[in-house]
Amino acid sequence: MESYEVAIIGGGSAGLAALKQLSNLGKQAILIEAGKKAGTKNVSGGILYSKKPKRGRAYNVEDVYGSVFLSDAPIERRITQYMLHATSGNKVFTMDLTAAHEYQANFGYSVLLGKLNSWFAKQAGESAEKQGGGIVSGVHVRSVSWQDGKTVIETDELEPFEAKAVIAADGVNSEIAEMTGARNKFTPEQLYQGVKVIVKMPEEIIEERFGIGQEDGAAHLYAGDVTLNHIGGGFLYTNRDTLSVGAVYHYDSLMQRPAEPYTLVNALLKNPMVAEFVKDEVAVKEEIDRNLPKEEQLRVRFAVSKLVKTWNELRDAYHSPSARKRLVEGGKYKSEEEIKARLDSVRSELEGKYRTKFVTDYVELEYAAKLVPDGKRCAMRKPYYKNILFIGDAAGRGVFIGPRIEGLNVGIDDAVRAANAVARAIDRNDFSSNSMGEHYSQMIEESPFTRDMKEIDKDYLKIFLDAAKDVPKDIIGQRYGMVFKLMSSGTLRGLAVGFANILGYDRLLPLVESEDTYVQVPIELAEKMGRPVAATYEPTLPTIAQRVAQLKYDDDRISHIKVLDHESEFMKKMVKLCPTNCYSMEDGEITLQHEACIECGTCAKETEWRHPRGEKGVNYQYG
Amino acid sequence: MSDLKIAVIVKLEPDFSEGNVSYNADGTLNRAETKSILGPHSAVASSAAFYAKVKYGARIAVTTMGPPIADTALQQAQLLCDADELHLYSDRMFAGADTLATAEVLKTGISKVEGGKMDIVFSGHRASDGETGQTGPQTAWKLGFTFLGNVIDYNVDMQNRVVRARRMISLQGFYDVIEEVEAPLPVFIAIDPSYKASFNTVSQRLAFEKYQKEAKERAQNYKQYLKIFNAQQLGVDPKLVGLPGSPTIVYKVERIPKAKASRKAEVVDGSSRDQIAKVAAKMYEVLGGMVIK
Ligand SMILES: Cc1cc2nc3c(=O)[nH]c(=O)nc-3n(C[C@H](O)[C@H](O)[C@H](O)COP(=O)(O)OP(=O)(O)OC[C@H]3O[C@@H](n4cnc5c(N)ncnc54)[C@H](O)[C@@H]3O)c2cc1C
Ligand code: SF4
C-alpha cells in the first residue's frame with residue numbers, strides 16, 4: 001500500500017491553503033478532490049477578507065500564498081462600498097456600512113471560486129510537487145479507517161493508501177465527519193441555505209452604474225420584504241464583469257415557512273433597486289418565419305445566433321479597457337473607434353436584416369446553491385478525531401453575524417493552524433489525538449475567529465450602531481427596548497455587551513436573529529423613511545428548468561443520495577426546499593431524481609448523503 | 001526513473017474528422033486542401049507509451065518517416081506522451097515507399113535510438129489513409145522483436161523484464177475474445193484502438209499530472225527535442241528504401257459503391273402535438289416488434 005505523510009481531503013479554499021502551507025513548511029502532502037478540477041464544486045458569495053484583529057493574529061490568504069496573491073490571483077474587485085438596504089415594495093432605506101466592512105480588515109475582495117480555487121490549486125500543487133506530493137482531482141474519498149495502527153483511505157477510484165495524518169476539508173456536508181462520528185450532521189438550526197446567480201455585465205457599465213473606480217467594487221445587502229418573511233437576507237456584489245446576486249437564509253426559518261430557494265433570489269431580482277442594478281441591453285431574436293423553406297429557416301437561425309454572439313463578445317470587449325487594448329494591439333482593429341463602428345454595424349445588421357430587438361433586461365450565467373454552517377451555532381468544540389483535523393466548513397466554522405459574512409478567510413486561518421499542527425507532529429513523529437489533535441484544538445481556541453463565533457465584539461457593535469444612528473428610536477425601541485437603550489449609550493454599552501456575553505450567545509441569538517430584525521424592522525424603516533425607487537422594466541426571470549439546463553453536469557447513473565424515509569415530514573419539505581426541484585411527491589411518497597442535483601446538502605439530514613463519485617455531478621464555471 | 005526504453009512509431013495523416021477533408025472531383029483525396037494531423041491510431045499508440053512513462057518512468061522516443069512537415073505529428077505525439085526525443089526520417093529517397101520499405105527505414109532508425117537497446121516499440125493498429133496494417137509487423141520482424149498485435153492493455157514486470165498484455169482477438173469464429181499473453185522484452189506492440197489507460201494509484205495520478213505538465217511545456221518547444229535524419233545519416237541501404245525497396249505497387253483504388261438504403265425514412269414535422277404522437281406511435285410499433293415476449 002502506498003503511504004504518504006499527510007492526506008488532505010477536499011480541495012476548496014480551506015484544503016488548498018492547508019496544502020500550500022504544509023508545502024511552505026517543507027512537508028509532503030497530497031490533496032484529494034472529488035471534482036474534475038479544483039474550483040468546480042465550490043460556491044461562495046463571496047468576499048474574501050484579510051483581517052488584522054486587535055487581539056491575537058489571523059493567518060490570511062497572503063500569508064499563505066505570498067505577495068503574488070495580490071499581484072497575480074484572479075480576484076475580482078476590492079470592495080470599497082458596503083451598503084445595507086431595508087426594503088418594502090418600491091421603498092428603500094439605506095445605511096452605509098463601509099466602516100463595518102473595513103473593521104479590522106486589510107482588504108476584502110469579491111471573488112469567484114471557479115477561477116480563484118483553480119489559481120490556488122496551481123500555486124499549492126506546484127509547491128506540493130517539490131515535496132513529493134500534489135493534487136489528485138477527480139477522486140472521491142469513500143472512507144477513512146484504522147487498521148493495524150495504520151490510517152487507511154479508500155476512494156471510489158484508486159487503490160487504498162495510507163496517511164499518517166489527515167486534514168478533512170471536505171466542506172459543510174463532510175462525509176469524513178459523519179462516517180467517523182467526529183460530529184453529527186448539522187441540523188437546520190445550525191445552517192443557512194445560500195442560493196446565488198451570476199449576472200453578466202460589461203466591465204465599464206458596472207463601474208458607471210455603481211459609481212466605482214476601475215479597481216473598486218461595491219457590496220449591497222438587503223433585508224425587509226425581499227426576505228419573504230425569512231431570517232436572513234440578500235446580497236449583490238460586483239465582480240470584474242459579472243455580478244453575484246444571492247440570498248442566504250436560516251435553514252430553520254425556511255423549514256418553518258418552506259419556499260422554493262429560487263423564489264427567494266427572484267424576490268431579490270424583482271426588487272426595483274436590484275432590478276435597476278442588474279439591467280443591461282439584451283438582444284431578443286425575432287421568431288423565424290415558418291413559411292420560409294426549411295433550409296432558409298436554418299440559415300437564418302445560424303446567422304442570427306452567430307451575429308448575436310459576435311455582438312455580445314464585441315460589446316463586452318468594447319466596455320473593457322484591457323480587452324479593448326488587446327484588440328487594438330493585436331491588430332484586429334486599428335482603433336477603439338473601429339471597434340465601436342463594427343459593434344454598431346453588427347447591431348444594425350441584426351435590427352435591419354433580422355428584426356432582432358434590443359431590450360432592457362438582464363442575463364444570468366449560472367445558478368448555484370450550498371449550505372453554509374453558522375459557526376456561532378455549530379463550530380466543532382474540538383475539531384479533531386484521532387489523527388484527523390477538521391478545517392473550514394467541514395469543522396462548521398465561519399463568522400456570520402448580521403452583515404459580517406466570513407467563511408473563506410476563516411477556513412484559510414484554520415488551514416494554517418492545522419498545517420502547523422501536522423508539521424509539528426511530523427517533526428515529533430507523534431500523530432496521536434492527545435498530541436496533534438489537542439495542539440490543533442488549542443491553536444483553534446486562540447484564533448480570533450473562534451472568539452467572534454462565541455461573543456459579541458463591542459467595537460464592531462459600536463460601528464454598526466453608529467451607522468444606524470439615523471434610525472428612529474421608536475422603530476427599534478419598541479422591540480428591543482432596554483437592550484437598545486443600553487447599547488446606544490457609550491458608557492453602558494460595555495456593560496450591556498458584558499452582560500449579553502454572560503447570558504451567552506445561545507440565549508441571545510434567537511432574540512437578535514429574528515424575524516423582527518430581518519423582516520419587520522427593515523420593512524418599517526423602508527416604509528417610514530425609505531426613498532422610492534422605480535424600476536424602468538420588469539426582469540424576465542428564468543424558470544428553474546432553464547437555470548438547470550444552463551448548468552454543466554457529468555451525469556452519474558448511480559444516485560449519490562438515498563432517501564431513507566419516503567414519507568417523513570422532513571423529506572416532504574424537500575419538494576420545496578431543494579434548489580433544483582429534485583424531489584417530487586408521487587402517491588404520497590417522495591421520489592428523488594438526482595440528475596439535476598447541485599450537491600447543496602439541503603436534503604442531507606434525513607438521507608444517506610454522499611458526494612458524487614470522482615468527476616461526476618455538477619461542474620460550476622463561476623462558483 | 002527506470003531504465004525502460006520505448007519508441008513509438010507515428011504517422012502524419014489527413015484529418016478525416018468532419019469538415020476537414022477535401023476530395024477531388026474524381027473522389028480521390030485532395031491532399032493539398034486537407035489538413036494533416038497525427039493519425040488517430042498513432043495517438044492511441046502515444047497514449048499507450050505515456051502509460052509506461054507514468055507507471056515506470058520510461059524514456060520515450062517518437063519516430064516517424066515522412067516529409068519535413070511531419071514534425072507536427074511528432075509535436076502532437078509529444079504532447080500526448082511527453083517524449084524525450086523526436087526523430088524524423090526524411091529524405092526524397094524515401095518517397096513512394098510501400099510498407100516494407102517504410103519498415104526498413106523505421107527499423108534502421110529505431111536501432112539508432114538509445115544504441116539500439118529498445119525495450120518496447122509501439123505502433124498504432126494501422127494508419128487511416130490507405131495503409132494495410134503491415135508496417136508494424138514488418139518492422140517488428142526486421143527488428144527481430146516479438147510482435148503483439150491488438151493489445152488492449154499491458155503491464156511490464158520490471159524485475160523479470162517481461163510484458164504481460166491482453167489482446168482482443170477473434171478465435172474460432174468468436175469475436176472479441178480476450179487473450180492474455182506474456183513475452184520477454186524486447187517486444188513490438190501494435191495497440192488496439194480501444195486501448196484506454198487507467199491510473200489507479202495516488203503515485204500514478206501524481207506522476208500523470210507531472211508528466212502531462214512537462215509534456216505541454218516540451219511540446220511548446222518541440223524543436224529542441226527534434227532530430228532529423230536523412231538517408232545518409234541513417235545509413236540505410238538505398239536498394240531497400242523508397243520506390244526501389246517497394247515490391248508492392250498500388251495499381252488502382254476503387255470507390256466502394258454506395259449501398260442502397262433498404263430502409264425508408266419518413267419526415268414528420270414536429271411542430272404539433274399530433275405529429276409528435278404520430279412519431280411516438282411509430283416508435284412503439286417498431287419497438288414492439290423487437291420485444292422478445
Ligand atoms: C451563497 C454563499 C455566500 C457566501 N458568502 C461568503 C462571503 O461573502 N465571504 C466569505 O468569506 N464566505 C462566504 N461564504 C462561505 C464560504 O464560501 C465557505 O465558507 C467556503 O467556501 C468553504 O470552503 P471549504 O474549503 O471549507 O469548503 P468547500 O468549498 O465546500 O470545499 C470542500 C471540497 O471538498 C470536496 N470534497 C467533499 N467531499 C469529498 C470527498 N469525500 N472526497 C474528495 N473530495 C471531497 C468538494 O468537492 C469540495 O471541493 C458563502 C457561502 C455561500 C454558499
Ligand atoms: S437533491 Fe439534495 S443535495 Fe441535491 S440539490 Fe437537491 S437538496 Fe441539494
Side-chain angles (χ1 to χ4, degrees), chain A residues 1-9 11 19 23 28-34 36-38 121-141 152-163 166 287-295 297-298 613-615, chain B residues 1-2 18-20 47 50-58 79-80 82 84 153-159 164 166 195-221 264-276 278-279:
Chain A
M1 200 183 318
E2 290 187 356
S3 174
Y4 295 89
E5 298 274 279
V6 195
I8 300 162
I9 302 169
L19 181 68
S23 313
Q28 180 207 52
I30 56 166
L31 183 150
I32 312 287
E33 163 58 38
K36 191 176 270 176
K37 283 189 319 202
K122 190 167 173 287
Q123 304 292 317
E126 278 170 11
S127 300
E129 219 175 82
K130 292 189 188 122
Q131 311 298 337
I135 298 173
V136 179
S137 48
V139 172
H140 172 246
V141 173
V152 178
I153 297 169
E154 284 178 276
T155 68
D156 288 338
E157 290 78 16
L158 305 179
E159 287 171 16
F161 59 92
E162 197 201 326
V166 177
E287 276 286 316
I288 292 170
D289 183 357
R290 293 209 164 269
N291 296 322
L292 289 173
K294 279 264 148 59
E295 295 76 39
Q297 287 187 30
L298 259 179
R613 296 184 292 170
E615 299 193 1
Chain B
M1 193 57 79
S2 72
E18 223 174 301
N20 290 323
S47 305
F50 187 56
Y51 178 73
K53 173 132 229 161
V54 170
K55 217 167 158 188
Y56 313 110
L79 186 63
L80 291 173
D82 189 29
D84 304 273
D153 185 14
Y154 77 94
N155 280 296
V156 185
D157 177 342
M158 294 295 292
Q159 211 148 36
R164 291 194 187 91
R166 296 197 305 147
Y195 172 86
K196 216 174 165 328
S198 70
F199 301 101
N200 50 14
T201 66
V202 170
S203 59
Q204 285 171 21
R205 290 287 181 107
L206 292 176
F208 178 86
E209 291 290 326
K210 181 178 127 199
Y211 290 127
Q212 207 177 41
K213 217 161 59 192
E214 189 176 82
K216 249 186 226 154
E217 284 159 15
R218 284 183 172 181
Q220 257 170 21
N221 308 303
K264 267 204 308 253
E266 185 187 342
V267 179
V268 181
D269 167 20
S271 56
S272 77
R273 237 191 121 75
D274 287 356
Q275 297 286 69
I276 307 264
K278 203 167 137 191
V279 176

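Hydrogens, waters and symmetry mates play no part in the numbers below; they use all other heavy atoms, side chains included. Convention: sequence-line order gives letters A, B, ...; per-chain numbering from 1.
- At least one donor-acceptor pair closer than 3.5 Å links the side chain of A/Gln28 to the backbone N or O of A/Glu5.
- Not a single side chain to side chain donor-acceptor pair (under 3.5 Å) links B/Gln204 to another residue, sequence neighbours left out.
- Aromatic ring pairs are classed by plane angle as parallel below 30°, tilted from 30° to 60° and perpendicular above 60°; the pair B/Tyr51 and B/Phe199 is tilted.
- Within the 4.5 Å cutoff, side-chain heavy atoms of A/Phe161 are placed close to those of A/Ile32.
- Under the ring pair (Phe, Tyr, Trp, His ring centres under 6.0 Å) criterion, A/Tyr4 pairs with no residue at all, not counting sequence neighbours.
- No side-chain heavy atom of B/Thr201 sits under 4.5 Å from any side-chain heavy atom of A/Leu158.
- Using a 4.5 Å cut-off between heavy atoms, B/Phe208 makes no contact with chain A at all.
- Of the listed residues (B/Arg205, B/Lys213, B/Lys210), the one with the most heavy-atom contacts under 4.5 Å to chain A is B/Arg205.
- With chain B as partner, the option from A/Val139, A/Thr155, A/Val136 having the largest number of non-hydrogen pairs under 4.5 angstrom is A/Val136.
- Against chain B, the residues from residues 121-130 of chain A that qualify, each with a non-hydrogen atom under 4.5 angstrom away, are A/Glu126, A/Glu129 in number order.
- By the side chain to side chain donor-acceptor pair (under 3.5 Å) test, A/Lys37 is found to be paired with no residue, residues two or more places apart in sequence or in another chain being considered.
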